[in-house]
Each structure stands twice: as structure tokens, then as C-alpha cells.
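Working notes for the structure below.
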Amino acid sequence: MSSLLQVKNLKVNFKTDEGIVNAVKGISFEIPKGTTVGLVGESGSGKSVSSLATMRLIPTPPGEIAGGEILFDGKNLLDLSENEMRKVRGKKISMIFQEPMTSLNPVFTVGDQVAETLMLHENLNKTDALERTKVLFNQVGIPDPESRVSSYPHQMSGGQRQRVMIAMAIACSPELLIADEPTTALDVTIQKQILDLLADLQKEFGMSILFITHDLGVIADIADEVVVMYRGDIVEKGKTEQIFQSPQHPYTKGLLACRPSLETNPPRLPMVSDFMNPDGTEIPNSFDISKKEKFVRPISDTENPVVLEIKDLKKHFPLKKNFFGKPLSFVKAVDGVSLKVRKGRTLGLVGESGCGKTTLGRTVLRLIEPTAGDIVYKGQNLVDATKKEMRDLRRDLQIIFQDPYASLNPRMTVGSAIMEPMIIHKLYDSKEKRVEKAKELLVKCGLDGSVINRYPHEFSGGQRQRICIARALAVEPEFIICDESVSALDVSVQAQILNLLLDLQEEMGLTYIFISHDLAVVKFIADEIAVMNHGEVVEMSDCISIYEKPEQDYTKRLLSAIPKGIPKTMLQPQA
């Protein structure tokens, strides 16, 4: 099979205050016509930089393509003028970016933005371009395309915005589609829809696809070949089946092992560091990734008393109001939820975006005031608590938010951020003791105490999440709500954070409500799982029963949407 794209000895450098950073260090790979190649690696491995270099979108300065060739249909894209390259982008090579909200212009309708591509590359007039856009919206599964072309990006869900980006990318029937982490922050059900859609579009248009992700489970569902990157280098490449059945590099073994699986439930997740030393050499006698290990945490009613009981909790948001300000209709975000959480245990709260799980978590802490119902913590009804009582109770009740970037003040050092709740709750009688405690918490969360004077922007996403956990632990809480706290992290970093949460629970006797849309992650960390849909708990049981004997169709749909981590060729019956 002939190659559509050949990348030969590609080098990309960035100038920084500390000197030259070699982001891509002379990599070579090919994309055959009509196939999907998965480019896999953690954040910082160079995979997105490689794709941007292919599109000639590296910002100069500070970046530069320092060497190599990018041959597309035999032509070296690095030799083309900017004018010539502009004719290639969108027409012959298209790209779906990771974050559709930052890729779409908020002041133009989504229809106009897709139509602009058609007007530029296909020489269509505005009317014909919009008609073609409606057809594209229908192809990518956007409901009611006639009216949706007039919507603005903020009026669409995350999954719909990603579909708009796909419609824009396929508008001119490109020969190569580059998909850069297109499903990372999406619900597993939406992720499956997007993956199925890309596979269908590939069959229809005969496109080649370069699919970039950190998740080998996703790659198994869609890719024919896999290229694994680590710190700017390609460490392994081959057919998907070969990579999954017989990985050679310790980094690949680590990536395969660290994602939670529905079939296994080990006491803790393997991490990349279990397979590979910092210098890239393999650790002998590391984990056997083929070993299937089941582990069920025992649940005892007698040893673990109920610390939190939610009774018929409701939170309704007014949607429309009349002239006098009286609500005419409501969004029932939480609608009659009743739950019990036991001391030292983890209740997993799972469901798609919009099901009400985050609203429930915030209502429990009275960050959002409930419409009705009771929230009983250690015998005290939080609904009746005064502001002063709630302020005192928040020493016991903490939350770790989804986005570590938005959770930390960029103007405060991480030490100040961790010490702030100590000051508010009058813990420790001197600054020296608070500094000592902050360093101790950073070490407990897997960071060096010496980083106390650094600012949030100096850390990776996983490190920032560890700082947020340290901040939550600063007041020695007993109960923590983890709101999608690992959903946007690399699978290797996700494994580290999940293991850390389990270690802290065992050491400090913490109780968790763990909120997520990913049943595989929840099954690993939780003792019991409550499945939410449309503001209600539709199913609740222990984590093994939910997986082995789901009762509701909604739960079955969530389970079936999770990537199996088995290449499609291995699922097909052999001839």
C-alpha cells in the first residue's frame, strides 16, 4: 500500500528562557492511503507538535522546524510557500483540534464558520455553502441541522461542538484528516459516537487519519497502526494488534497497563514508572500486563457507619420567568436523590454530562443551595446550618474540582494556596508551622517540598491536581468530594492520582464521593456506584454487581461505550 504522508527525520525546536528545547527529535513514520495511524504518548511527548508541523502551523518564533522532510503525495510540504500551503490546509489536509470551544470563533454562527471553508476552497457562494453545511451537519449527526447552522458555539454541547469541528474538517473531502485528542474530555458515550463517526466517514471518503491521543484503549478501537512517542522520540511503532499483543518498549507496556479495565480490578493501578526508569531503561521483573487480577473491597455495614445521608434532595434552576420575576419553568438538575455514604468508603457517582452529578456534589456542600430535601452529615442537617456553622463544617467537608488550572490562583505560590485554608480555619499558631505542614502535604501527594515557592503555571496538569489535593488535605478533612478530578489527565497521570487517593484514604480514613463519567475509573476506586440520569439515581449497587449485572439500559449503554482496549482485528473472527 502506497504512503500518503511520509515524515522523515523531523526535528522541531522551541526557544525558551532556559535555552533550546528539542520538542521533536528526528522522528520518521508513514501514513498509508486509506488507513488510520494512532500517534500515542503523554502530554509533552511531542505528538501534537508533530501534527502542527505537518500542517506548518508551528508558531515562529519561538518554534522552528529545524530539519527533516514532510512528504505529502510525494511533495515536501516544507518547500511550499505560505500561499501554496494555504491551499493544502483544509482542502487536502484537515485538522480537528483538541478543544473545540477555543477553535471556534464565539462571535460567528457555527454555520458561517463551516461555510467559510467551502467558500474559500470550493468557490461556492454563501447560499450554496450554507446548504452544503446543512448536509455536512446531517452527516456528522448534529440534530436539526436547518436551525443549528444559526447557533453560536456557546449554544451547543461539547459533543456537538466537536461534531461541528469534524464537519468543518471533512467539508472539502480531504485526503488526510489529523484528529488531535478529539475525544479526551468527552463522555464515554459521546466519545464512542465520535469514533464511530470517524470510522464511517473514512469508509465514505477514503480518507487517511492520523489520530492523536494518550489513551491506547481508544487507539485499539480505531487505528490500523500505532506510533508511540516519548519525550520527542518514537520508541515503538507497528501494527495495532502487534503493539497490543507483544509490546516491546517499557513505556508502551506502562501505557497499556495503567488504564483501569472493566475486566480486572487490581488493588492499585500499575504506572509507567513501574516499567521504566527515568532514563528510559526497563525495570526488570516489572508487572506482567497479561495478568488478570480481580480484587473486591469488602463492604461491612457494622464497621462502617453512615456519615452522610442524602434524603430526597432536589435542586431546580429557574429557566423562564414572567414579567414579575416568577419562574414559569425549571431545569430539574437534581430531582429527588437519596443516598448513603459510609465512613472510610468511596461512593462513585457516574453519568453523562448534564445528568446532575456535579450539581449534586456542590449542593451537598451547600456551594449551591438546595431546593428541597435533607443533607445529614454526622447527625446534623446541613440544610438548616447557618453560614457560620457551614464555614466551620467545611473543615471536615472538602472538594477537589475538575480543572486544576482554574482551581488555583495564578498569582499565589502553591505554598500560599495550601496555607490559605489553614489561616482561615486558624490551624497552627505560626507561619513556620504552616510552611512545614504545606511541605509535608506536598511530599505526601508525591511532590518535592522545595516547590513551595513556585507558581501554578510552572507545573504540569497532573502536578497541579496533586497541589489541589494537598490544599484539600490542609485542613485535615474527613470527607472529600472528587468532582471529575482525573477526567482530563493522561492515563499514566490518572493512575498516579487514583493510587494516591486510595493511599490517602487508607492512611487517613477519608470518605469520598467520586464523580466521573467513566465507569472503568469509578469501578476501580469505588466500593459502591450510583448511576445518575436526568437528575435521578437510576441504579445503585456495589461496583462488581453494576458491571456484571447492570439492570438499567442506561447503565448498559455507559458500559458498552467504554473502549475495550482490544484491537478491532483481534475482535473479528478469523477466516
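Heads up: numbering here begins at 1 and tracks the sequence. The figures here come from the full heavy-atom set of this structure, side chains too, leaving out hydrogens, waters and symmetry mates. Just so it is clear, the structure is predicted and the values come from calculations on it, not from any experiment.
With hydrogens and angles disregarded, no donor-acceptor distance shorter than 3.5 Å links the side chain of E42 to the backbone of S492.
Taking the ring axis of F317 as reference, the NZ or CZ atom of K315 stays within 45° of it and closer than 6.0 Å to the ring centre. Geometrically, K253 does not engage F275 in a cation-pi contact, judged by NZ or CZ lying under 6.0 Å from the ring centre and within 45° of the ring axis.
The environment of CD in E440 is crowded: more than 12 heavy-atom neighbours from other residues, nucleotides or ligands sit within 6.0 Å. The neighbour count for K192 NZ, taken as heavy atoms of other residues, nucleotides or ligands under 6.0 Å away, does not exceed 12. Counted within 6.0 Å of CD on E506, heavy atoms from surrounding residues, nucleotides or ligands total 12 or fewer; the atom is thus considered open.
Here the straight-line distance linking atom CD of E146 with atom CG of N138 works out to 9.5 Å at 0.5 Å rounding. Interatomic distance, L382 CG to Y377 OH, rounded to the nearest 0.5 Å: 9.0 Å. Atom CD1 in I546 sits 9.5 Å away from atom CD in E528 (nearest 0.5 Å). Here the straight-line distance linking atom CG of L104 with atom OH of Y152 works out to 13.5 Å at 0.5 Å rounding. Residue F211 holds its CZ atom at 6.5 Å from CG of L198, rounded to the nearest 0.5 Å.
Annotation for P550 and L559: closest pair CG-CD1, 3.8 Å, computed over non-hydrogen atoms. Among all heavy-atom pairs drawn from I400 and C468, the shortest one is CG2-CB, 4.4 Å.
For the side-chain contact (heavy atoms from CB on, under 4.5 Å) criterion with K357, the lone passing option out of E484, R362, E352 is E484. When each of T358, V522, D483, I515 is tested with L349 by the rule side-chain contact (heavy atoms from CB on, under 4.5 Å), just one qualifies, namely I515.
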Sequence neighbours left out, cut at 3.5 Å: what donor-acceptor pairs do the side chains of residues 409-420 make with other protein atoms?
residue : atom : partner : partner atom : Å
N409    : OD1  : R411    : N            : 2.9
T413    : OG1  : S416    : N            : 3.2
T413    : OG1  : S416    : OG           : 2.9
E420    : OE1  : R471    : NH2          : 2.4

Extract all donor-acceptor atom pairs below 3.5 Å that involve side chains of residues 448-456 and protein atoms in other chains or at least two apart in sequence.
residue : atom : partner : partner atom : Å
D448    : OD1  : S450    : N            : 2.9
D448    : OD1  : S450    : OG           : 2.9

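A side-chain donor-acceptor contact under 3.5 Å links R148 and S151. Judged by distance alone, the side chains of S48 and D180 do bring a donor and an acceptor atom under 3.5 Å apart.
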**Message:** Test salt bridge (Lys or Arg N to Asp or Glu O under 4.0 Å) on K444 and E507; report intermediate values, then the result.
**Reply:** CA-CA 11 Å; K444 192 185 289 285; E507 181 186 339; 2.6 Å; yes
**Asked** Yes or no on salt bridge (Lys or Arg N to Asp or Glu O under 4.0 Å) for E476 and R395, after CA distance, side-chain angles and deciding distance?
**Response** CA-CA 7 Å; E476 300 174 354; R395 182 179 169 183; 3.6 Å; yes
**Request:** Please test K378 against E478 for salt bridge (Lys or Arg N to Asp or Glu O under 4.0 Å), starting from the C-alpha separation and ending with a verdict.
**Result:** CA-CA 11 Å; K378 289 187 174 179; E478 297 181 11; 2.3 Å; yes
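By the 4.5 Å heavy-atom criterion applied to side chains, L308 and I310 are counted as neighbours.
A salt bridge is defined here as a Lys NZ or Arg NE, NH1 or NH2 lying under 4.0 Å from an Asp or Glu carboxylate O, and D392 with K388 meets this definition.
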